[in-house]
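The residues of the chain are indexed from 1 along the displayed sequence. Model, not experiment: these values are computed from the prediction.
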Amino acid sequence: DEAGAREAIKALFATGFFNDVRVEVDGDVLLITVEERPTIAQININGAKMLEKDQIRNAMKSQNFAEGRIFQQDVLDAAINELKQQYFLRGRYSVDIKPTLTKLERNRIGVQLDIAEGEVSRIKRINLVGVKAFKEDDLIEQFSLTTSGWMTWYTRSDQYSKPKLTADLEKLRSYYQDRGY
């Protein structure tokens, strides 16, 4: 009946294996027509220098996107977002990742990721506003992040990183609290 057909369609779509499911009746025969989603045959990565290809594949695999799995666009989008987060943690906020999909024989698909890592975000200046109780230089010495200098090419302490900034703000808070504020 119609309710059973709706349930069958929902159940088949819920597997994530199909793009289209149709249920038809031809006389006494029930026809279920499905269009399978393609399988990921290969993932090629171009332009990655900061992250190794294995790191990229592991980040994508953590989002359930890997060779041999069923291709779903939303899973690819989530995998790309996870990969961008990996770059953001390393100070590459201008990273651009462009996927190219190639249909292959036997309902397979090839995925190519072209990665433009962009430049590292650097700290030009540190401004502390509202400082009255302590010298600004003493407070800035508490930071692990610094402005560009002659040693920062080695220490990379002038590269912006949100986790490092959060840690530095916590150090600043502790500095004040240790001194009665």
Side-chain angles (χ1 to χ4, degrees), residues 2-24 30-124 144-145 148 152-170:
E2 185 126 352
R6 274 194 304 266
E7 291 300 316
I9 291 171
K10 282 183 188 179
L12 287 170
F13 266 121
T15 65
F17 296 148
F18 306 107
N19 279 327
D20 188 25
V21 177
R22 290 187 313 259
V23 175
E24 301 168 4
L30 178 66
L31 295 173
I32 300 176
T33 308
V34 296
E35 179 187 328
E36 292 180 318
R37 289 190 174 169
T39 303
I40 302 167
Q42 61 190 21
I43 301 172
N44 296 323
I45 301 164
N46 296 326
K49 295 178 186 102
M50 181 174 255
L51 293 178
E52 293 181 21
K53 290 183 181 183
D54 288 339
Q55 288 177 303
I56 293 171
R57 290 182 196 283
N58 287 337
M60 296 188 78
K61 194 178 248 184
S62 74
Q63 296 298 313
N64 205 23
F65 192 87
E67 293 176 0
R69 302 247 169 104
I70 301 296
F71 175 80
Q72 295 176 322
Q73 185 64 46
D74 58 333
V75 175
L76 173 60
D77 295 340
I80 288 173
N81 284 335
E82 172 61 27
L83 193 51
K84 284 182 179 181
Q85 291 300 316
Q86 296 292 323
Y87 277 100
F88 291 170
L89 290 173
R90 289 163 176 81
R92 300 282 177 138
Y93 292 93
S94 61
V95 65
D96 186 33
I97 302 171
K98 292 184 181 172
T100 304
L101 305 176
T102 306
K103 289 188 178 190
L104 303 172
E105 61 205 24
R106 296 187 323 227
N107 199 27
R108 297 178 310 143
I109 195 163
V111 179
Q112 178 172 312
L113 298 177
D114 294 313
I115 301 172
E117 293 178 334
E119 294 295 317
V120 173
S121 300
R122 300 204 182 278
I123 300 170
K124 284 188 172 184
S144 62
L145 292 174
S148 295
T152 55
W153 65 270
Y154 178 71
T155 63
R156 296 183 177 161
S157 62
D158 65 336
Q159 293 180 2
Y160 174 75
S161 168
K162 189 172 183 175
K164 287 181 183 178
L165 179 60
T166 302
D168 282 348
L169 292 175
E170 188 59 37

Can you see which heavy atom on [X] is nearest to which on [Y], and at what distance?
X	Y	value
Ile109	Leu104	C-CD1, 4.0 Å
Ser94	Gly118	OG-CA, 3.4 Å
Gln63	Glu82	CG-CB, 3.7 Å

With a 4.5 Å limit on heavy-atom distance, are the side chains of [X] and [Y] in contact?
X	Y	value
Glu67	Gln42	yes
Lys84	Ile80	yes
Arg69	Asn64	yes
Thr39	Ile70	yes

Item to check | All pairs passing side-chain hydrogen bond (donor to acceptor under 3.5 Å, both in side chains) where residues 9-20 contributes a residue, at least two apart | outcome: Asn19-Arg37, Asp20-Arg22

Checklist entry - When Phe65 is tested against each of Ile40, Asp77, Leu83 for side-chain contact (heavy atoms from CB on, under 4.5 Å), which residue passes? => result Ile40

Next on the checklist: Check this for me: Glu2, atom CD, are more than 12 non-hydrogen atoms of other residues, nucleotides or ligands nearer than 6.0 Å?
Outcome noted: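 Not buried by this count: 12 neighbours or fewer within 6.0 Å.
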
To the nearest 0.5 Å, tell me how far [X] [atom1] sits from [Y] [atom2].
X	Y	atom1	atom2	answer
Glu117	Asp96	CD	CG	11.5 Å
Glu119	Arg92	CD	CZ	6.5 Å
Asn44	Thr102	CG	OG1	8.5 Å
Gln112	Ile43	CD	CD1	12.0 Å

Next on the checklist: By the ring-ring contact (aromatic ring centres under 6.0 Å, His included) test, which pairs, at least two apart or in different chains, include something from residues 69-91?
Outcome noted: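 Qualifying pairs: Phe88-Tyr93.
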
Checklist entry - Would Leu76 and Met60 satisfy side-chain contact (heavy atoms from CB on, under 4.5 Å), going step by step from the backbone distance to the final call? => result CA-CA 8 Å; Leu76 173 60; Met60 296 188 78; 4.3 Å; yes

Next on the checklist: With no hydrogens and no angle check, just 3.5 Å: does a side-chain donor-acceptor pair link Gln85 and Asn81?
Outcome noted: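 The criterion, which ignores hydrogens and geometry beyond distance, is not satisfied for Asn81 and Gln85.
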
Donor-acceptor contacts, no H, no angles, side chain residues 46-55, under 3.5 Å, sequence neighbours left out:
unit_1	atom_1	unit_2	atom_2	d
Asn46	ND2	Asp114	OD1	3.2
Lys53	NZ	Ile45	O	3.2
Gln55	OE1	Glu52	N	2.9

